[in-house]
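Since the structure comes first, as structure tokens, the remarks are kept for the end.
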Amino acid sequence: MKQTLKERLLNLETLIGTVVTIGAPEVTDILSRLGFDFLWIDAEHGPLSLAQAQMLVQAAGERCHTIIRVPGQEEAWIKKTLDIGCEGILVPHVNTAEQARRIVELCLYPPTGTRSLGAARAQGYGLDLPQGIRRANEHTAIILQAEHIDAVENIEAILSVEGITAVLIGPYDLSGSLGIPGQVDDPKVRDAVGHVIKACRKSGTPVGIFAGDIAAAKQALTAGVNMVALGLDVFFLWQSAARALADLREQP
């Protein structure tokens with residue numbers, strides 16, 4: 001049996017993925033065949049519904065791990081997303097230990113947590129409910145986003161919360177919280193990112209980051225990150241198309 005996403009994260013493997021924002025299953029199907037370790041399906045930004053997110057998880061199949069980023073920290077979003085059957089959930093804007101503790105509780109079934117029982121895809125539609133509950137508590141990857149200066153300042157307390165699988169840094173929102181939106185190479189942003197990486201490494205917690213391009217991804221890996229989300233499906237689409245068009249128009 002292949003290792004789960006949670007197992008690979010906790011083993012501190014280097015995992016490379018990308019972000020999916022397009023609702024067409026064919027896009028996820030293609031990306032899942034390229035060798036990415038994971039696909040981050042983004043239900044926070046853009047028009048993706050949870051029904052579409054489930055179709056994308058199904059389109060990826062067992063070719064790579066799937067993570068869904070929820071729109072917020074509300075119980076309804078978390079339980080409905082986990083019922084889809086993704087291997088990991090990514091929760092944005094986690095700034096305090098109290099928020100982190102509540103998220104972990106919502107992600108785990110009793111007696112460990114407070115997740116409510118359903119009979120959706122994650123539970124085999126009820127066909128393997130007891131086993132599904134056990135597997136969920138053992139194997140669900142609970143990934144929290146540190147993407148605000150408050151999260152940076154509280155990172156040690158956040159990391160002390162039992163049940164967190166990994167932390168993923170959002171450099172763009174972090175730059176916004178510092179009053180310099182989009183300036184992810186600014187020393188203030190780099191220092192904040194470095195502080196989170198250092199704290200995670202000290203605690204033994206897997207740490208990831210979103211990287212807008214290859215240079216940023218390489219820099220992050222050199223800094224000690226073991227999980228990189230490289231670009232977005234839409235980036236790859238327009239960059240490749242623009243490059244091809246420019247190359248063709250340069251022909252004599």
Side-chain angles (χ1 to χ4, degrees), residues 3 5-6 8-22 27-28 30-42 44-46 56 60 63-69 87-94 141 143-148 151-152 155 165-178 180-201 204-244:
Q3 285 189 306
L5 171 65
K6 183 176 180 179
R8 296 182 69 187
L9 283 170
L10 294 179
N11 287 335
L12 299 180
E13 289 188 38
T14 299
L15 304 179
I16 308 298
T18 191
V19 182
V20 178
T21 65
I22 299 172
V27 173
T28 294
I30 292 168
L31 292 172
S32 71
R33 298 172 186 270
L34 299 180
F36 285 113
D37 296 298
F38 68 90
L39 296 179
W40 155 0
I41 298 166
D42 193 11
E44 182 190 17
H45 293 291
L56 300 187
R63 289 184 293 273
C64 64
H65 305 295
T66 52
I67 300 166
I68 297 178
R69 180 164 70 172
E87 288 189 70
I89 186 167
L90 177 59
V91 183
H93 305 290
V94 181
I143 307 169
L144 309 183
Q145 274 203 283
E147 49 184 344
H148 193 280
V152 176
I155 191 62
T165 306
V167 169
L168 194 144
I169 302 166
Y172 285 87
D173 277 359
L174 177 56
S175 70
S177 75
L178 289 166
I180 45 174
Q183 299 180 43
V184 295
D185 290 324
D186 186 278
K188 290 189 289 187
V189 179
R190 289 191 176 187
D191 287 347
V193 169
H195 179 75
V196 174
I197 294 172
K198 182 179 179 180
C200 288
R201 288 174 62 85
T205 305
V207 58
I209 195 168
F210 170 78
D213 54 37
I214 294 172
K218 289 181 177 179
Q219 183 182 68
L221 291 170
T222 300
V225 165
N226 56 288
M227 180 187 191
V228 173
L230 172 62
L232 289 76
D233 49 7
V234 290
F235 283 10
F236 292 125
L237 179 61
W238 71 257
Q239 288 169 349
S240 178
R243 189 179 306 115

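- L9 pairs with exactly one of M227, H65, Q3 by the side-chain contact (heavy atoms from CB on, under 4.5 Å) rule, that one being M227.
- In terms of heavy-atom proximity, G204 sits nearest to L12 at O-CD2, 4.4 Å.
- Closest heavy-atom contact between I22 and L56: O-CD1, 3.8 Å.
- Between L174 and A192, the closest heavy-atom pair is CD2-CB, 3.8 Å.
- For S175 (side chain) and G182 (main-chain N/O), a donor-acceptor pair under 3.5 Å exists by modelled atom type.
- Under a 3.5 Å cut-off, the side chain of D37 and the backbone N or O of I16 do form a donor-acceptor pair.
- Between A220 and I209, the shortest heavy-atom contact is CB-CG2, 3.6 Å.
- Counting heavy-atom neighbours within 6.0 Å of R63 CZ, excluding the residue itself, gives a total above 12.
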- Item | Test side chain to side chain contact (heavy atoms under 4.5 Å, CB included) applied to I197 and I169, step by step | CA-CA 9 Å; I197 294 172; I169 302 166; 3.8 Å; yes
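- Rounding to the nearest 0.5 Å gives a distance of 13.0 Å between CD1 of I68 and CH2 of W40.
- Proximity of a side-chain donor or acceptor of N11 to a complementary backbone N or O of E13 within less than 3.5 Å is not detected.
- Rounding to the nearest 0.5 Å gives a distance of 10.0 Å between CD1 of I143 and CD of E87.
- To the nearest 0.5 Å, the span separating CD on Q183 from OH on Y172 amounts to 11.5 Å.
- Heavy atoms from other residues, nucleotides or ligands lying under 6.0 Å from CD1 of I214 number 12 at most.
- Residues forming a side chain to side chain donor-acceptor pair (under 3.5 Å) with H195 (at least two apart in sequence, or on another chain): E156.
- Inter-residue side-chain proximity for Q145 and L168 is flagged as met; some heavy-atom pair is nearer than 4.5 Å.
- Here the CD atom belonging to Q239 is positioned 8.0 Å from the CG atom belonging to D213, to the nearest 0.5 angstrom.
- For the pair L5 and T165, the minimum side-chain heavy-atom distance is 4.5 Å or more.
- Closest approach of R201 and G224 over heavy atoms only: NH1-O, 3.4 Å.
- Using a 4.5 Å cut-off on side-chain heavy atoms (C-beta onward), H45 and R69 make contact.
- Here the side chain of N226 pairs a donor or acceptor atom with the backbone of V207 at under 3.5 angstrom.
- Under the 30°/60° scheme for interplanar angles, the aromatic rings of F236 and F36 are found to be tilted.
- Summarising the geometry of T205 relative to V167, their closest heavy-atom pair is CG2-N, 4.3 Å, with the distance given to 0.1 Å.
- From D233, atom CG reaches atom OG1 of T21 across 3.5 Å, with rounding to the nearest 0.5 Å.
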- Query: Going through the distances and angles, do R190 and D185 end up as a side chain to side chain contact (heavy atoms under 4.5 Å, CB included)?
  - Reply: CA-CA 6 Å; R190 289 191 176 187; D185 290 324; 3.4 Å; yes
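- Taking CG of L232 as the start and OG1 of T18 as the end, the distance is 6.0 Å to the nearest 0.5 Å.
- One N or O on the side chain of E147 and one on the backbone of H93 form a donor-acceptor pair closer than 3.5 Å.
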